[in-house]
Amino acid sequence: MWKLLQIELFKISRRPRTYIAFVAIAAIVFLIQFALKADGKSYIDLITRDIEESFIIDKEKALNGYFICFLLLNTLLVQVPVLVALIAGDSISGEANMGTLRLLVSKPISRTQLMLIKFLACFLFTVALLIWMAILALFGSMLIFGTDNMMVLKSTGATIIERGDVFWRYLAAFGYAILALTTVAALAFLLSVFAENSIGPIVATVCIVIVLTILSNLNVPMFDKTIRPWLFTTYMVGWKGFFYINYNDDGQTITGSVENWHAIKRGIFLLTGHIILFVGIAIWVFRKRDILS
Amino acid sequence: MKKTVKCMMILTTLLFVNSFIYAQDINALVQKVKAKIELVNDYEAKGKMKTNVAFLKVPIANVMVYFKKPNKLKIKNEKGFSFIPKGAVNINMNNILSNKFTVLDAGVDKIAGLAVRVVKLLPEDDNSDIVLSTLYIDEANALIKKSKTTTRDNGTYELEMSYGKFAAYGLPDKVIFSFNTKDYKLPKGVTFDFEDGTKQPKAEDKTKAKKAVPRLRLIIIV
Amino acid sequence: MAPIIEVNQLCKNFKELTAVSNLSFTVNEGDVYGFLGQNGAGKSTSIRMLLTLIAPTSGSINFFGKNLKNHRHEILRQVGAVIERPDLYKYLSAYDNLSIFAKMSEIKVSKSLIMNQLQMVDLADRAHSKVRTFSQGMKQRLGIAISLIHNPKVIILDEPTNGLDPQGIADMRNLILKLSREMGKTVVISSHLLSEIELVANRMLIIHKGKKMAEGVVSELLDPSKTIVQIETLNNNEAKGKLLLSKWAEFVQQNNGLLLLQMNKGDIPQLTIDLVAMNIPVLSIQPRHSLEDYFISLTNPNAHVEAFAN
């Protein structure tokens, strides 16, 4: 099993497209960091306009590494599904397209094993991508901008999390993001079973994610209780839940707390469920499929 | 929509001044209060700031308060980033009392069982941001227990003060500061919130209930 | 000789379409077994069923006396294959490709093993070149190397000469013969270029529209009495008239314009003498009996004329 996984990882590592994702992330992160270093105050002005009416905000301190990492994740985690789909959507369809699939399937490896290894490789790619993101967006920003109490903006208001209470939240958020992106990987992986070129599943994955994200964010009361809680896209931004700190009746934040654990747990549960479902269907279909490519 | 925000400041008292002043002229009373406040040239105080506003959820912050005569006040969070209420800095007693004003007697009132004298100060400067200040003065100790200040542009500020160690200098050790804030709105496209529709009603209701009387507290302890 | 592959009543339906119907055959140890059929005849489907790429609708496949479905893992370790084009990871080197598939075949992989294998297919000097820079023939050879790296008992080659130039085809033919004669492998080879099969296979099966048309020893299927001889003269009609009056009359075939005789190949010298005796001005005499003609005649009885007209 380990040997096969090594082979898969070797193949992924030798493909130029693998590095598109890493380069793209680095480019986005550096650009945003550069822009904020150069003129971050205007950005803070823009987003804290209403708060500034009544409060004095030390923009130098507000613009710290923790705050910037949150901004980066907010931007990146919207784009990264595309990058994950780029690899996972190619997983089976790419082999079918190259013609190597029939060679793989005629080797003494069960199809289930082959699929599990391929998916595991996609998962590890996703993990690597997020570690890369953590290095650049979190540690990079901490290094460039330093650390301080972290301002978190929601549409309903702003919160401040004390400096010492932030780091674990990022670790948890990255962990959660791995789960969320693995769900996208699982979807792309499933779609890649049906196709014989990699463009189809990649585009289809992105389209599905976009459509479902719109549904997730559409505040239609009819969907709120019916569809929305079951869409995996509703939970894609669940990593933010770790930055929604709980507060007491006086409105004071409680160090180490999370406002809505229930939603996060539900997110973890639903995302895991989707992964199992997608990969399960993918394996089931692939086992039954005749390789005609 | 405007909201009221309160701010509270606490200073632990070191001194206790027991002076009795009876039935005096309002002007004299105000001057006495002013004189008392003016005893202090500058001070630094360590304190804790509690903020209570519906749209802000922040931890209790350790702050330093710096004052310099005549009316320079600064609140700083030495350890890190926090939201410092503007009004607490701009609308302080020194600021109100340092300008020229006409004093009007508005009778007596009671604050927490204590009889207080109510006076209204009308700034003589027509261009002053402050339109009217109402002070609730503890005559016996020449201490301002409460003030309401209406400004031209920023609504009404309310201060409730409790005194302790530094009553002799007219310095409160606890200030509840209330002021109007604009409704909070995050610019569009800045964030997608995470909400799965399963949010605990507890949190929702609490926010809604608070919306009527949002408060911001500033507690300062030496 | 022991049967290596036994196929019984194999059927495959794709929805409405019957790709393979009741196909049964046996491949013995040491055979070079030709699998012949036109494009779409069902030979690729059959071969893919042998490699578990396609699941049969019904019927059974046994390798080494064991059922393929139940002993897939064990059997596939003993089978090497090149299926149609030898598609490989173009972004990897020949060495890496070989190494990957060797590891997947559960053998101990060493550098020398891989280099030896590349040496065998004459690619050692290009071991570290990316496959995307390879010619079709080189890829085909690398494909063969991959199918052989784990030293399988059975080698299945689906259309191995597709897309090769004449030299490549000749090389492939030599390689197949080498595998069989020198290395003792059992080889199953499919092609629609039947002249190739004729030169390498000892036994063969002809498949048409998913059905077995014939199976047997190539030399037996090649009955010399069924040789078609095409005679070209200055006046074919006159020549045909003369022949129909001679002892050759029973061999003359119906056709439009061409003069064809179906006869024993050994009688061609006598025919030549007789044509001269009958004063027929002969331009050429061509015996046309190949496996290909046999195949065409089996699968399409009306195809003779068209085949020759071309």
Side-chain angles (χ1 to χ4, degrees), chain A residues 1-20 86-87 90-118 120-121 125 193-194 196-198 283-293, chain C residues 12-15 19 44-45 47-57 68 71-93 96-109 130-132 139 142-143 146-147 149-150 152 154 156 158:
Chain A
M1 191 94 174
W2 171 235
K3 202 185 264 176
L4 293 172
L5 183 62
Q6 268 181 316
I7 292 173
E8 275 312 310
L9 293 176
F10 175 74
K11 286 193 284 192
I12 290 180
S13 74
R14 287 303 181 91
R15 306 196 66 178
R17 79 163 68 187
T18 303
Y19 299 96
I20 294 175
L86 213 57
I87 295 299
D90 183 58
S91 212
I92 305 298
S93 60
E95 300 267 8
N97 189 29
M98 271 186 294
T100 43
L101 187 62
R102 40 180 198 256
L103 210 48
L104 286 185
V105 173
S106 66
K107 288 288 159 192
I109 301 156
S110 80
R111 289 196 188 186
T112 307
Q113 202 182 5
L114 185 71
M115 290 293 277
L116 284 175
I117 282 160
K118 284 219 160 259
L120 196 58
F125 169 78
V193 171
F194 296 98
E196 296 203 348
N197 68 69
S198 45
I283 292 174
W284 183 75
V285 170
F286 189 71
R287 277 177 64 93
K288 298 220 153 221
R289 200 182 118 178
D290 288 331
I291 310 296
L292 304 169
S293 64
Chain C
K12 179 65 191 179
N13 301 329
F14 293 110
K15 288 179 189 157
S44 269
T45 304
I47 280 189
R48 283 170 188 237
M49 284 193 276
L50 293 182
L51 292 165
T52 70
L53 296 175
I54 292 177
T57 306
L68 178 61
H71 299 85
R72 178 179 181 272
H73 186 96
E74 186 186 340
I75 290 167
L76 289 181
R77 285 177 69 174
Q78 301 294 329
V79 177
V82 177
I83 309 140
E84 288 180 37
R85 285 163 292 126
D87 291 303
L88 305 157
Y89 299 107
K90 297 182 184 72
Y91 55 91
L92 297 178
S93 67
D96 288 338
N97 267 287
L98 201 49
S99 166
I100 280 177
F101 289 109
K103 282 175 189 161
M104 292 186 82
S105 302
E106 301 182 335
I107 54 158
K108 209 166 180 298
V109 182
K130 295 254 191 299
V131 168
R132 73 159 60 86
K139 284 185 201 163
L142 182 56
I146 287 170
S147 71
I149 185 103
H150 54 296
V154 179
I156 297 175
D158 190 12

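The figures here come from the full heavy-atom set of this structure, side chains too, leaving out hydrogens, waters and symmetry mates. Sequence lines set the chain letters: A, B, ... in the order given, protein chains first and strands last, and positions in each chain run from 1. Please read these numbers as outputs of a predicted model, since none were measured by experiment.
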Pick from A/Gly94, A/Gly99, A/Pro16 with the largest number of heavy-atom pairs that fall under 4.5 Å of chain C: A/Gly99
A/Leu114, part contacting chain C, at a heavy-atom distance under 4.5 Å: side chain
Short donor-acceptor contacts under 3.5 Å linking chain A with chain C:
residue, atom, partner, partner atom, Å
A/Lys11, NZ, C/Tyr89, OH, 2.7
A/Arg14, NH1, C/Asp96, OD2, 3.2
A/Glu95, OE1, C/Tyr89, OH, 2.6
A/Glu95, OE2, C/Tyr89, OH, 3.0
A/Arg102, NE, C/Ile83, O, 3.1
A/Arg102, NH2, C/Ile83, O, 3.1
A/Arg102, NH2, C/Arg85, O, 3.0
A/Arg102, NH2, C/Asp87, OD2, 2.6
A/Val105, O, C/Arg72, NH2, 2.6
A/Lys107, NZ, C/Ser105, OG, 2.9
A/Pro108, O, C/His73, ND1, 3.1
A/Ile109, O, C/Arg72, NH1, 2.8
A/Ile109, O, C/Arg72, NH2, 3.4
A/Arg111, NH2, C/Thr52, O, 2.8
A/Arg111, NH2, C/Leu53, O, 3.0
A/Asp290, OD1, C/Ala55, N, 2.9
A/Asp290, OD2, C/Lys12, NZ, 2.7
A/Ile291, N, C/Leu53, O, 2.7
A/Ile291, O, C/Arg48, NH1, 2.7
A/Leu292, O, C/Arg48, NH1, 3.4
A/Ser293, O, C/Arg48, NH1, 3.1
A/Ser293, O, C/Arg48, NH2, 3.0

Considering all heavy atoms, the nearest A/Val105-C/Leu76 contact: O-CD1, 4.3 Å
Contact origin within C/Leu92 toward chain A - heavy atom pairs under 4.5 Å: side chain
Residue part contacting chain A, namely of C/Phe14, when any heavy atom lies under 4.5 Å: side chain
Contact class of A/Ile109 relative to chain C, heavy atoms under 4.5 angstrom: both
